[in-house]
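The figures that follow rest on heavy atoms only: side chains count, while hydrogens, waters and symmetry mates do not.
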Protein chains: 2
Amino acid sequence: MPMGLNAQELDRIEEVVAVRRKIKRGTALFSNGEKFTSLYAIRTGFFKTCIATEDGRDQVTGFQMAGEVIGLDGIVNDHHTCDAVALEDAEVCVMPFDRIEEISREVNALQHHVHKIMSREIVREHGVMLLLGSMRAEERLAAFLLNLTQRLRTRGFSASSLILRMTREEIGSYLGLKLETVSRAFSRFQEEGILSVKQRHIEVLDPDALQKLVNGTAC
Amino acid sequence: MPMGLNAQELDRIEEVVAVRRKIKRGTALFSNGEKFTSLYAIRTGFFKTCIATEDGRDQVTGFQMAGEVIGLDGIVNDHHTCDAVALEDAEVCVMPFDRIEEISREVNALQHHVHKIMSREIVREHGVMLLLGSMRAEERLAAFLLNLTQRLRTRGFSASSLILRMTREEIGSYLGLKLETVSRAFSRFQEEGILSVKQRHIEVLDPDALQKLVNGTAC
DNA sequence: CGCGTCATTGATGTGCATCAAGTGGTGTGG
DNA sequence: CCACACCACTTGATGCACATCAATGACGCG
């Protein structure tokens, strides 16, 4: 949320964030083709966004957690182009986009904040493109885990112990790998003492080793 | 550019678009790490954007042509995170971002236009992620060529005859392939009568075949 | 307890990378 | 104007990382 606001500006922003919505695990917050009306700020829970084509191809484009905003894809054509599915029971703030535009004309900090959120998403996707285009399986998983732990850390959670909210198949879809390959990479990290893996419970024992994999120093 | 404006609004927008800059082929419009000040609207010429990591990994994240906007990556951290390099002599409009924000507070159409441009980029990158994560080499090249011809068509150029502004290596980098693989895919398309390939001069003989490849109907 | 879902592990196959040689087009300087 | 060098491209031979196919194992839930 933007900083350094006076009381009046804060009121205006509170206003746009008033409506809440609860999403049950496994159900969609919005779906491909649906009319776009609002952005959503995640209050609690964990989401994936994914696109699917007619011919059955489909891809997870991102995992989102509390504090992050989803729905940006809908702005261009007034319709969503992907599905946002809750991976656990979740709650979001519904932020009507016309209200956001209206208020961001008055509150400069909000305007800039919105621009930064969209720019951040563009930069994040650049990173994913780099990952998909030039990394090998273990490097991809290492990058994924580092990203996840870092985001958890900024939210005050442990950086070393985490519980995955998604299946191996969903991780694979995000990373451009098959679930078996993801599973094997986990097993390999465990053998090497980098991780402790018990189903979805992950313990990061050697974060530096993960970092080296991503940077290529290990080669 | 946004539509349906009155004369006064148009003046305001003309104002932000006044400064021009010429870029010689092979030189950078901006580079990774550089301070972000402006977005750039391409007037003429052809660009690539690419990211490079310390360890030598690098990836073309997009190709941009006249009418498109680059520099959006710089907004988040006030610094650019990629390089924009001209693939031929080019000219851009320099649009200082603080002026854009200022004017878009007054001109609703501009505000929404900016949001749409950013959202479009996000959606485009979703498509690239799908491509990198789940398509095979020939499907990737087919998708790339269809995208290119479509963008050229909307600019009034022929949809069937085009001259590539980039090398096989740059195409490969964008598509997550090696240059030899790109070259082989071109040769294969030529054998099958889908394309006529003479160096960088491409003739699309059977656009439907390309479309089928992308959709997977051919499998 | 028994079933369904998710995960692990092994055996085999394949698409693309890698290595390597050769071709053609372009620009430069004699 | 030609000879040369350079670069982008093509094409073939080989290897490897990951996909695919298949069987088994662990957990949670009715």
Test your reading of the model: is there a side-chain donor-acceptor pair from [X] to the backbone of [Y], 3.5 Å cut-off?
X      : Y      : result
B:Q190 : B:V197 : yes
A:T149 : A:L146 : yes
A:N32  : A:D83  : no
B:E68  : B:A41  : no

- Query: How large an angle, rounded to 10°, do the end axes of the helix from C:dC1-D:dG30 to C:dG30-D:dC1 enclose when each is built from five base pairs?
  - Reply: 40°
- Message: At a heavy-atom distance below 4.0 Å, which nucleotide of DNA chain D is the first touched by chain B, and which is the last?
- Response: D:dA8 to D:dA13
Looking at [X], I'd like to know if its [atom1] atom is crowded, meaning that more than 12 non-hydrogen atoms belonging to other residues, nucleotides or ligands lie closer than 6.0 Å.
X      : atom1 : result
B:R188 : CZ    : no
B:E192 : CD    : yes
B:E203 : CD    : yes

- Task: Just grab all the ring-ring contact (aromatic ring centres under 6.0 Å, His included) pairs involving residues 64-86 of chain A, residues at least two apart or on different chains.
- Result: A:F30-A:H80, A:F36-A:H80
- Message: Strictly below 4.0 Å: does A:R200 bring a side-chain N or O up to OP1 or OP2 of C:dC6?
- Response: no
Distance from [X] atom [atom1] to [Y] atom [atom2], nearest 0.5 Å?
X     : Y      : atom1 : atom2 : result
B:E34 : B:C82  : CD    : SG    : 10.5 Å
B:Q59 : B:T49  : CD    : OG1   : 10.0 Å
A:L87 : A:E170 : CG    : CD    : 5.5 Å

- Query: Which ones in residues 162-175 of chain A lie close to DNA chain D, meaning a heavy atom under 4.0 Å from one of its atoms?
  - Reply: none
- Query: In this structure, which one of B:R165, B:K24, B:K22 forms a salt bridge (Lys or Arg N to Asp or Glu O under 4.0 Å) with B:E88?
  - Reply: B:R165
- Between B:L152 and B:S158, which heavy-atom pair has the shortest distance, and what is it? CB-O, 4.3 Å
- Item | Min side-chain heavy-atom separation B:L145-B:L195 under 4.5 Å | yes
- Message: Just so I know, are the side chains of A:I51 and B:M129 near enough to count as touching, which here means a heavy-atom distance under 4.5 Å?
- Response: no
- Heavy-atom protein contacts under 4.0 Å, nucleotides 9-22 of chain C, coded B base, S sugar-phosphate only, - none: BBB----SSBB---
- Message: Heavy atoms within less than 4.0 Å of DNA chain C: which residues of residues 44-53 of chain B have one? Give them sorted by number.
- Response: none
